[in-house]
There are 2 protein chains.
Amino acid sequence: MATYKDIRDETGLSLATISKFYNGGNVLPANARAIEAAAERLSFRPNAFARNLRSRRTRSVGVLLPDLTSDFHLSILAGIERRLRDHRVSMLICADHPHEEGLDEAVEFLAARMVDGIIAVPTERATPGLRNVAAQGMPIVTMDWPADGVVADEVVIDNEEAAAMAIQHLADHGHRRIALLGSDLAATLRSRERGVRRQLAARGIPVREEYISRTPMTVAAGRAAMQRMLLLEERPTAVFCTNNMLGVGALTALAESGLKVPDEMSFVGFDMPLLARMTSPSLAMVAQRVDLIAREAADLMLRRLEPEVAQSPQRKVVLHAEFLFGGSVADIRS
Amino acid sequence: MATYKDIRDETGLSLATISKFYNGGNVLPANARAIEAAAERLSFRPNAFARNLRSRRTRSVGVLLPDLTSDFHLSILAGIERRLRDHRVSMLICADHPHEEGLDEAVEFLAARMVDGIIAVPTERATPGLRNVAAQGMPIVTMDWPADGVVADEVVIDNEEAAAMAIQHLADHGHRRIALLGSDLAATLRSRERGVRRQLAARGIPVREEYISRTPMTVAAGRAAMQRMLLLEERPTAVFCTNNMLGVGALTALAESGLKVPDEMSFVGFDMPLLARMTSPSLAMVAQRVDLIAREAADLMLRRLEPEVAQSPQRKVVLHAEFLFGGSVADIRS
DNA sequence: CTGAAAGCGCTTACAG
DNA sequence: CTGAAAGCGCTTACAG
C-alpha cells in the first residue's frame, strides 16, 4: 500500500504539498499532474485512518437498529446509505441484539469505531449507552420513536393521526366492530392505540375492550391474537394491525382459518408496502414513508457534522403517514 | 475524549504498559486495577483508528450489495452482522448503485476506509474494482454468484439442483404445461433455467419455448411476463419463477387477473420466505438458506483475516436450497 | 505556492 | 513486568 512518502519519492514534492493536493488546496497544475500520475502508478489511496486520526473526524456514522430482521427498518437503510454516500460518509450497521458476555454493547462498539454520530431506532437496552455518548457530544438522530433522556434530533411520524386514518376508513365503510391488534411495549404503538380510541369516540363507536389486543410485536403473537378474536361471541367485522409483524401474524391466522378477506373480515395493516400489492385482494394499510424518514434522518445527521451547527438546538421532524387503499376492506353499509 | 496520556497522568504508568493492558498482556494486578479505575473515571475508550494505523488492520469488513432494496440480500445482512460482531469485527454497508460523477465507486469507497476485506454480491459494475483490490491482496468473499476473474472465496448454491426441485414437484402433481419466468441477465438465473430444462427432459416433458420468459429481474417485468403467459392459446397450468422479484410480479398479475391460485394456476416461487406463509394459499417455493449463506460467508472472511490463512488457496462452499411445500400447487393428476 | 517540523493516539521492538 | 523512543500515514500551523 503506497503512502505519501512514495509519492514524495516519485515527485520530489513535500508531504505537506501532497496533503494539500488531496484536500483540495491550491497546487501548481504541473505538480498536481505529477502527483496524480504517481498516485496512478502506485495505485495510491489516502489512508482514511491516518487522516481521521489527525482531523478527529471519521466521516462515518453508525446506524443502530433493534435487529436486522424487520423489513421495515431494513428498508430505511437504503435511503440513508444513498444520502450519506453522496456526501462521502460511510455507514456502519449494528444490530442491538443481546449478546454473549464480555462483548461490547452496540453503542460502545460504534463509539470505539469513532463514528461521528449515530442514527438509531433506539431500544431500551441501547438508551443508557446513547445517553452516555450524547452527553460526550456525539450527535444522535433517533427514528421511529425517541430515546428517553437522550439529547438527539428526532424523526417521527404522527402516530395518532396515522392510526386515526385507518379507523376513519373502516368507519366510512360501515364497520363498527373493529378489532385492534397492538402492543403496549412501544411508545409508538401506544400512540396508535390512542389514535384509534380517539377516532372511534369521534365517530360515536363504542370502544369494546375485548376487541383490543396488546401483545409483543411478533408474527406469532399477532397470529394468536387474531385467532382469539375469531373465537369471540360477536366476531369483529374488521381488524386493524398497528405493526407489520402483527399484521403478518393476523394474515397468517386468517389464511389458516379459511375466512375470506374482505367478505368475512376486513383488514387494514401498517407498514407492509411489499405485501400490499401482491396479495389478492390487495391490502389496505397505513404506510410510513421510509424514503422520507431515511432522507430526513440522514440530513439531520449530515447537518450536525458541520462544525457550525454541531451545537445548535435539537430538531424534531414530524412526518405524516399515508393511507394506501386496497381491496381488503369490504363496504358493509346496508 | 480521553487518551492514554490522561491515564498515564492519573496512574503514573507508561504508555507502553497501558497499551499492554488493553492488548491482553501481563500487567501487575494492582496496575490493571489502577488503569481500569482511571479509564472508568475518564470514560476512556481506546481510539480504534490509532490502533489500526499502527497495526494495519481495521477489524472491519465491507459488505457490498447490488442495492439495498432486495429483501433477499438484506436478509443475509443480519447473519453476517451477528457473526462478525461476535468477533468484534464491524461491518460497513455499501450499495453498488450508479452515482453522480466524481463520487468514489463502491469498492474504492470501501477500500479507502481500509476495510480488511469485502463480502460482496458482485455486480458487473463492481467487478473491475474487486479484481483490483483482490490483486493487491484484499480478501474477497462472493455470495450468490462469482465475480469474473476475481480471486475470492465463494458461497453459492447448486442452482440447477434448486430449480430441478421445483419442476420435480410440479411434475409429481401432474403438471406438464409449466411456464418459466427467468432471466438471462445473471449467471444464477441461467443455471436455474438449465436445471429446469434438464429436469423437464428427465421427466419426458417437452420444452415449449413460448412458456419460457427471460426478462430483467424486476417486479414490473415479472408482472408483464405473467400477463403474456395468460394470453397464450394453450395456457400453462403452472408457473415457476426463478427469482423473488419475478415471483412478486407474477403474483401481482395473477391477483389482478382474478385467476384462482392454485385451481387455475399453480405457483412455485424462489426466495420469498416472508411471503410464503402469509398468503392464502401458502406459497410453494425454492428457498436459499440465508442464515447458512451469511454464516459461511462471514466464516470464510473471518478465516482470511487470520494472518496464517491469508495466503491459503481459495475455498468454494456449495450450499443446497430447500423446497418449501405450500398450497399454491394443485394436484391435477387425473 | 511550498516545505520542515510537530503532532494525532496508539503499538512495537528493545532495554532493563 | 515496565518504560523510553521510534514510528504508523496523514494533517496542521508556521515560515518562507
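In the text below, chain A, chain B and the rest are named by the order of the sequence lines, each starting its count at 1.
Counting heavy atoms from C-beta outward, V151(B) and Q314(B) have side chains that approach closer than 4.5 Å. L68(A) places a side-chain heavy atom less than 4.5 Å from the side chain of L74(A). Residues D144(B) and H73(B) have side chains in contact (heavy-atom distance under 4.5 Å, counting atoms from C-beta outward). The shortest side-chain heavy-atom distance between M91(A) and R85(A) does not fall under the 4.5 Å cut-off.
Helical stems of DNA chain C (runs of at least 3 Watson-Crick or G-U pairs, donor-acceptor distances under 3.5 Å) are listed by first residue: C:1-3 with D:14-16, C:5-12 with D:5-12, C:14-16 with D:1-3.
The phosphate of dA4(C) (OP1 or OP2) has no side-chain N or O of S14(A) nearer than 4.0 angstrom.
For T188(B), there are no side chain to side chain donor-acceptor pair (under 3.5 Å) partners two or more places apart in sequence or in a different chain. For the side chain to side chain contact (heavy atoms under 4.5 Å, CB included) test, residues two or more places apart in sequence or in another chain that qualify with P146(A) are E154(A). Residues that satisfy the side chain to side chain donor-acceptor pair (under 3.5 Å) test with T142(A), not counting sequence neighbours, are absent from this structure. Checked against side chain to side chain donor-acceptor pair (under 3.5 Å), N132(B) has no partners two or more places apart in sequence or in another chain.
Computed from coordinates, the N26(A) CG to dC1(C) C1' distance equals 8 Å when rounded to whole Å. For the pair F21(A) CZ and dG3(C) P, the interatomic distance rounds to 15 Å; values are reported in whole Å.
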| field | Annotated protein contacts, base or backbone, on nucleotides 10-16 of chain C with a non-hydrogen cut-off under 4.0 Å, one of B, S, - each | value | SBB----
